[in-house]
Peer 1: 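Just dropping this structure here.
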Amino acid sequence: MPTDPTVHIRRAVGADADALTALTQRSRAYEGRYRAILEGYAITAAQVARDACHAAFDEDGGLLGYYSLVHDRVAGDAELDLLFVDDAAQGRGVGALLFAHMRKTARALGAHRVRIVSHPPAEPFYLRMGAVRVGEQPPRGRVAWARPLLELVP
Ligand SMILES: CC(C)(COP(=O)(O)OP(=O)(O)OC[C@H]1O[C@@H](n2cnc3c(N)ncnc32)[C@H](O)[C@@H]1OP(=O)(O)O)[C@@H](O)C(=O)NCCC(=O)NCCS
């Protein structure tokens, strides 16, 4: 599992919701035609409390990124609902740290499988992390583009 002593990952709390929303909304990966998926989207305190949401911080307490995992106890699997690294913090291993932490969380929850509907430009990252492409999610509603569907055995 990758480590970095300058990055601290902890369970997110309701008070983090606005900062998580702001990081998400300013993501350059969702500019242009991809913007539609984030329009009006906000992470709520209830969502943070309900889902397995964890955030990464630097040594000064600055938010670097976060993930949110939705666990389906009945089905015994999970879905990676959100994974974002702040634009300024990308490319230095924070995504890999969050992904490894998510994997550990999924195992602890007893999920046999993690489903990932990937933002198209993020697919190479997920493949690098060991997820496997299993199909494609067709366009739906305001999401007018197909999205890679991947799975991970945690
Ligand atoms: C995708 C994302 C989470 C990756 O986070 P990151 O911190 O930049 O990634 P890391 O620096 O930890 O990279 C880990 C590895 O993946 C590779 N990688 C990361 N993004 C990649 C990309 N777009 N294409 C190819 N490889 C990529 C890195 O080169 C690195 O490989 P290495 O182990 O051989 O050095 C981040 O770019 C992001 O938040 N993007 C915008 C939001 C988004 O699209 N999230 C996914 C929603 S489904």
Side-chain angles (χ1 to χ4, degrees), residues 1-32 34-35 37-73 76-134 137 143 147-154:
M1 180 162 158
T3 55
D4 181 339
T6 69
V7 177
H8 170 61
I9 299 177
R10 66 154 169 82
R11 183 77 169 80
V13 295
D16 297 319
D18 288 350
L20 302 185
T21 299
L23 186 154
T24 305
Q25 286 292 349
R26 68 175 171 258
S27 174
R28 282 197 304 265
Y30 285 85
E31 282 174 352
Y34 293 132
R35 191 72 222 149
I37 198 170
L38 288 181
E39 248 148 47
Y41 182 74
I43 294 157
T44 65
Q47 179 183 354
V48 169
R50 182 191 63 225
D51 300 334
C53 187
H54 290 77
F57 298 86
D58 64 21
E59 287 171 304
D60 300 321
L63 178 63
L64 296 169
Y66 73 98
Y67 73 84
S68 184
L69 186 72
V70 177
H71 182 218
D72 183 337
R73 266 169 232 287
D77 60 13
E79 174 154 353
L80 182 59
D81 188 27
L82 299 158
L83 169 64
F84 278 84
V85 173
D86 195 34
D87 289 341
Q90 286 177 16
R92 55 181 177 95
V94 177
L97 288 171
L98 282 166
F99 193 91
H101 194 282
M102 177 280 292
R103 196 169 197 157
K104 205 174 66 178
T105 301
R107 275 201 303 269
L109 287 168
H112 302 301
R113 190 174 62 146
V114 177
R115 185 173 182 268
I116 303 166
V117 182
S118 176
H119 187 40
E123 184 184 10
F125 165 78
Y126 289 122
L127 293 172
R128 176 79 186 91
M129 295 297 103
V132 174
R133 177 146 183 175
V134 294
Q137 176 106 304
V143 185
R147 287 176 290 171
L149 183 60
L150 298 105
E151 279 182 7
L152 175 84
V153 176

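One is the number of the first residue; the rest follow in order along the sequence.
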Peer 1: Does the D51 side chain pair with the main chain of S68, one donor and one acceptor, at a distance under 3.5 Å?
Peer 2: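 No; zero donor-acceptor contacts below 3.5 Å.
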Peer 1: Where is the tightest heavy-atom contact between V94 and A56, given as atom of each residue plus distance?
Peer 2: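 That closest heavy-atom pairing would be CG1-CB, 4.2 Å.
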Peer 1: Report yes if some heavy atom in the side chain of V7 is under 4.5 Å from a heavy atom in the side chain of F57; otherwise report no.
Peer 2: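 No - every pair of side-chain heavy atoms lies 4.5 Å or more apart.
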Peer 1: Spell out, as yes or no, whether a donor-acceptor pair under 3.5 Å connects the side chain of Q90 to the backbone of V85.
Peer 2: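 Yes, because the side chain of Q90 sits within donor-acceptor range (under 3.5 Å) of the backbone of V85.
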Peer 1: CG of D81 to OH of Y67: how many Å apart, nearest 0.5 Å?
Peer 2: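 Reported value, rounded in 0.5 Å steps: 13.0 Å.
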Peer 1: From T21 OG1 over to R26 CZ, what is the distance, rounded to the nearest 0.5 angstrom?
Peer 2: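 So the gap between those two atoms works out to 10.5 Å.
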Peer 1: Which heavy-atom pair separates R11 from C53 by the least distance, and what is that distance?
Peer 2: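 For R11 and C53, the tightest heavy-atom pair comes out as NH1-O, 3.0 Å.
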Peer 1: Would you mind checking if R115 and D72 are paired as a salt bridge, meaning a charged N to carboxylate O distance below 4.0 Å?
Peer 2: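 Salt bridge flag = no for R115 with D72.
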Peer 1: Apply side chain to side chain contact (heavy atoms under 4.5 Å, CB included) to residues M102 and L152 and explain how you reach the verdict.
Peer 2: CA-CA 11 Å; M102 177 280 292; L152 175 84; 4.0 Å; yes
Peer 1: For the pair D86 and L63, evaluate side chain to side chain contact (heavy atoms under 4.5 Å, CB included) and give the outcome as yes or no after the intermediate values.
Peer 2: CA-CA 8 Å; D86 195 34; L63 178 63; over 6 Å; no
Peer 1: In Å and rounded to the nearest 0.5 Å, what is the OH to CD1 distance from Y66 to I9?
Peer 2: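 Those atoms lie 14.5 Å apart.
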Peer 1: Taking atom CG of L64 and atom CD of E59, what is their separation to the nearest 0.5 Å?
Peer 2: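 The CG atom of L64 sits 10.0 Å away from the CD atom of E59.
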Peer 1: Of all the heavy-atom pairs spanning A131 and I116, show the shortest one and how long it is.
Peer 2: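 That closest heavy-atom pairing would be CB-CD1, 4.1 Å.
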Peer 1: Passes ring pair (Phe, Tyr, Trp, His ring centres under 6.0 Å), Y30 versus F84? Steps please.
Peer 2: CA-CA 11 Å; Y30 285 85; F84 278 84; 5.5 Å; yes
Peer 1: Hey, is the main chain of P120 close enough, under 3.5 Å, to the side chain of R147 for a donor-acceptor pair?
Peer 2: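 A pair under 3.5 Å: no.
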Peer 1: If you take all heavy atoms of A96 and P2, which pair is closest and at what distance?
Peer 2: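 So the minimum-distance heavy-atom pair works out to O-CG, 3.9 Å.
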Peer 1: Where do V114 and L80 come nearest, in terms of heavy atoms and distance?
Peer 2: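 That would be CG1-N, 3.9 Å.
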Peer 1: Closest approach of P121 and P124, non-hydrogen atoms and distance?
Peer 2: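 Looks like O-CD, 3.5 Å.
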Peer 1: So, taking the atom named CG in L109 and the one named NZ in K104, what distance separates them when rounded to the nearest 0.5 Å?
Peer 2: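 Here the interatomic distance stands at 12.0 Å.
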Peer 1: Should L127 and L150 be marked as a side chain to side chain contact (heavy atoms under 4.5 Å, CB included) after you check the CA-CA gap, both sets of side-chain angles, and the distance that decides it?
Peer 2: CA-CA 8 Å; L127 293 172; L150 298 105; 3.6 Å; yes
Peer 1: Do Q47 and L20 come within less than 4.5 Å of each other through their side chains, counting heavy atoms only?
Peer 2: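 The answer is no; the side chains never approach within 4.5 Å.
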Peer 1: Aromatic rings F99 and F125: how do their planes relate, parallel, tilted or perpendicular, breaks at 30° and 60°?
Peer 2: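 Ring orientation, 0 to 90° scale: perpendicular.
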Peer 1: Using modelled atom types and a 3.5 Å cut-off, is there a donor and acceptor pairing between side-chain atoms of D58 and backbone atoms of D60?
Peer 2: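 Such a contact is found between D58 side chain and D60 backbone.
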Peer 1: So, taking the atom named NE2 in H8 and the one named CG in L97, what distance separates them when rounded to the nearest 0.5 Å?
Peer 2: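 The NE2 atom of H8 sits 12.5 Å away from the CG atom of L97.
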Peer 1: Do Y34 and H119 have side-chain N/O donor and acceptor atoms under 3.5 Å apart?
Peer 2: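 Not at all, the side chains of Y34 and H119 share no donor-acceptor pair under 3.5 Å.
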Peer 1: What do you reckon, is CZ of R128 surrounded by more than 12 foreign heavy atoms closer than 6.0 Å?
Peer 2: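 Count not over threshold, so no.
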Peer 1: Does any N or O in the side chain of Q25 come within less than 3.5 Å of the main-chain N or O of Y41, such that one atom is a donor and the other an acceptor?
Peer 2: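 A pair under 3.5 Å: yes.
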